[in-house]
Amino acid sequence: MSDAVPQRTRSNELHLKACERTPGGVHSNIRLAAPKVFFDHAEGAWLWDVDGNSYVDYVLGQGPNLLGHAPKSVVEAVHEVSEHGLILGGQHSVEIVAAESVCKALEWPDMIRFGVTGTEMVQAAIRAARAATGRTKVVRFEGHYHGWLDNMLVAPRDGVWGVASAGQLGSHLDDVIILPWNDAEAVAETLRLYGSRTAAIIMEPVMINSGVIEPLPGYLERVRQLCTRYGVVLIFDEVISGFRLGLAGAAGYYGVTPDLATYGKAMAGGYGVAALAGAAELMAPFGTGEITHAGTFNGAVPNMAAVAATLNLMRDDPPYDHIAEQGTTLMAELRTLAAKHAVPLRVAGLPAAFHISFGDPNTVVTDHRTLQHLDLARYEEFAGMLIDHGIWVAPRGVWYVSAAHGPDELDETLARFDKALINLLN
Ligand code: PMP
């Protein structure tokens with residue numbers, strides 16, 4: 001690629017055309033902030049747009065492409081079953097294989113329900129917690145994302161967390177308590193006051209959506225203890241961390257077991273599947289009809305085949321050591337490059353998912369509030385330059401690494417990153 005900003009003439013034309021029928025030209029608001037690039041195809045850790053530009057991909061479809069784009073054996077498994085029917089309106093034995101594979105990989109849950117999106121599985125989790133406890137309140141944390149529905153979407157306005165979208169009512173959050181994360185005392189105090197009225201605590205066990213911030217030592221354990229003491233259902237939202245941090249997700253990685261957990265993204269090799277898993281006593285009421293959970297596409301044959309094939313791949317040839325190695329190398333090399341140019345860049349998080357921002361690399365970041373000490377807006381601008389230089393990244397600074405990232409991808413990334421930094425400084 002030349003140093004010049006790439007031509008995206010065809011993408012721009014398509015975007016204008018898309019806007020005629022689709023608000024903003026995108027079908028998910030998460031994509032509104034990114035440049036409107038139309039892709040032609042993807043392979044491994046690479047994307048090519050309709051103008052012929054290549055990108056090393058660190059968005060990975062917002063997480064699903066943990067094994068790289070379109071893993072062959074997953075696509076083949078889906079094709080094979082698809083020839084014989086897609087949605088049968090009854091059951092297919094591949095559902096059993098998928099359920100068994102996921103529960104075995106995760107180790108802790110007894111039962112699982114499949115759906116299509118993480119957003120809806122979070123709702124199922126909250127409903128199950130309220131049904132089991134007969135309580136109303138849900139504790140959640142600043143900066144965590146649990147889907148876009150009325151009772152879970154929040155944003156800060158003038159330092160106060162509340163509704164995030166036009167059309168969302170303040171009353172939707174009446175039963176939601178929003179706390180800063182990584183503050184065990186705040187949880188303890190809240191449960192002292194409201195424990196008997198609290199159904200659930202929901203969290204990303206590692207706050208990947210805002211800054212990839214890990215739990216402080218002992219934090220998850222303490223929250224687990226408090227939930228047990230007050231009879232509160234602990235829900236881990238593992239829609240990103242599940243199958244990314246390891247086969248057993250964040251629960252396995254940190255050694256803390258929730259009562260319920262949601263999964264999605266990396267579980268199905270790029271196909272649209274999500275799940276709620278948990279202990280039998282919490283999950284069984286879905287089976288008696290006491291708790292409603294439904295969905296036309298839940299358990300669709302191709303989706304279940306995708307889960308089964310993805311889990312097969314992950315079990316037979318675990319990608320985690322490779323991802324950890326590549327991610328660790330990449331994080332270190334990016335820091336070295338920034339130091340070479342005397343740019344204050346902070347690269348932090350986990351090798352499988354890390355965060356880049358401008359600011360003092362030694363800034364202590366433990367929650368959404370301290371994350372604001374970094375210059376996130378400058379990175380957002382820089383992300384546009386990275387994209388112009390052929391590195392596909394999200395504006396909010398989270399980079400995902402896949403099994404398909406190897407030395408060639410890293411070399412190319414570093415060369416392109418170097419040029420983007422030079423561009424930034426000019
Ligand atoms: N929970 C978390 C932690 C997520 O990151 C996301 C999506 N990024 C969701 C839930 C919602 O999942 P979906 O977009 O599939 O509805």
Side-chain angles (χ1 to χ4, degrees), residues 26-34 58-66 102 106 113-129 138-155 164-165 176 178 181 200-215 220 234-245 249-251 253-254 258 260-278 293 295 297-298 300 303 306-307 310 349-350 352-355 367-368 371 393-400:
V26 297
H27 294 281
S28 168
N29 273 31
I30 304 293
R31 289 175 218 147
L32 276 180
Y58 292 96
V59 177
L60 298 176
Q62 299 297 344
N65 299 310
L66 180 90
V102 175
L106 296 172
R113 267 284 174 103
F114 287 111
V116 177
T117 69
T119 296
E120 54 171 312
M121 298 325 292
V122 165
Q123 297 300 313
I126 290 169
R127 193 173 278 180
V138 173
V139 174
R140 57 154 305 158
F141 299 93
E142 296 171 358
H144 294 225
Y145 180 73
H146 302 298
W148 59 276
L149 295 190
D150 287 332
N151 60 346
M152 277 291 112
L153 189 68
V154 294
S165 169
V176 178
I178 308 168
W181 194 58
I201 294 184
I202 183 166
M203 68 162 80
E204 293 180 59
V206 41
M207 184 163 63
I208 293 179
N209 271 299
S210 293
V212 192
I213 302 171
E214 284 200 83
L220 295 181
L234 178 60
I235 305 168
F236 278 178
D237 183 345
E238 295 232 40
V239 167
I240 300 181
S241 55
F243 305 99
R244 173 158 291 282
L245 268 57
Y253 189 82
Y254 294 110
L260 291 170
T262 52
Y263 299 90
K265 300 198 191 259
M267 185 175 64
Y271 289 88
V273 191
L276 172 67
H293 164 242
F297 294 102
N298 295 358
N303 285 354
V307 171
T310 301
L350 297 161
F354 59 85
H355 184 254
D367 61 4
H368 190 273
L371 183 66
V393 288
R396 71 206 162 107
V398 180
W399 286 45
Y400 295 122

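As the structure lists them, so they are numbered: ligands from 1, and atoms in each ligand from 1. Position 1 is the first residue of the sequence; numbering continues from there.
By the 4.0 Å heavy-atom criterion, Glu204 is counted among the residues contacting ligand 1.
Below 3.5 Å of separation, one finds an N or O of Lys265 facing an N or O of ligand 1. For the pair Gly118 and ligand 1, the shortest N or O to N or O distance falls below 3.5 Å. Considering backbone and side-chain N/O of Tyr145, one or more are found under 3.5 Å from N/O of ligand 1.
Among protein heavy atoms, the minimum distance from atom 16 (O) of ligand 1 is reached at Thr119 OG1, 2.5 Å.
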Anything under 3.5 Å between a donor and an acceptor, one on a side chain of residues 260-275, the other on a protein residue two or more places apart or in another chain? List them.
unit_1: Thr262; atom_1: OG1; unit_2: Asp237; atom_2: OD1; d: 3.0
unit_1: Lys265; atom_1: NZ; unit_2: Gln62; atom_2: O; d: 3.1

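With hydrogens and angles ignored, the 3.5 Å screen pairs a side-chain donor or acceptor of Arg244 with a backbone N or O of Ala352.
Ring geometry for Trp181 versus His144: interplanar angle over 60°, hence perpendicular rather than tilted (30 to 60°).
Residues Val206 and Pro215 are in side-chain contact: their nearest non-hydrogen atoms beyond the backbone lie under 4.5 Å apart.
Near Ile240, meaning under 4.0 Å from any of its heavy atoms, are these atoms of ligand 1: 5 (O).
Residue Met203 comes nearest to Leu220 through the heavy atom pair SD-CD2, 3.5 Å, listed as atom of the first residue, atom of the second, then distance. Residues Ile208 and Arg396 approach most closely at O-NH1, 4.4 Å, considering heavy atoms.
The residue from Asn209, Thr262, Asp237, Val206 that puts a heavy atom closest to atom 10 (C) of ligand 1 is Asp237.
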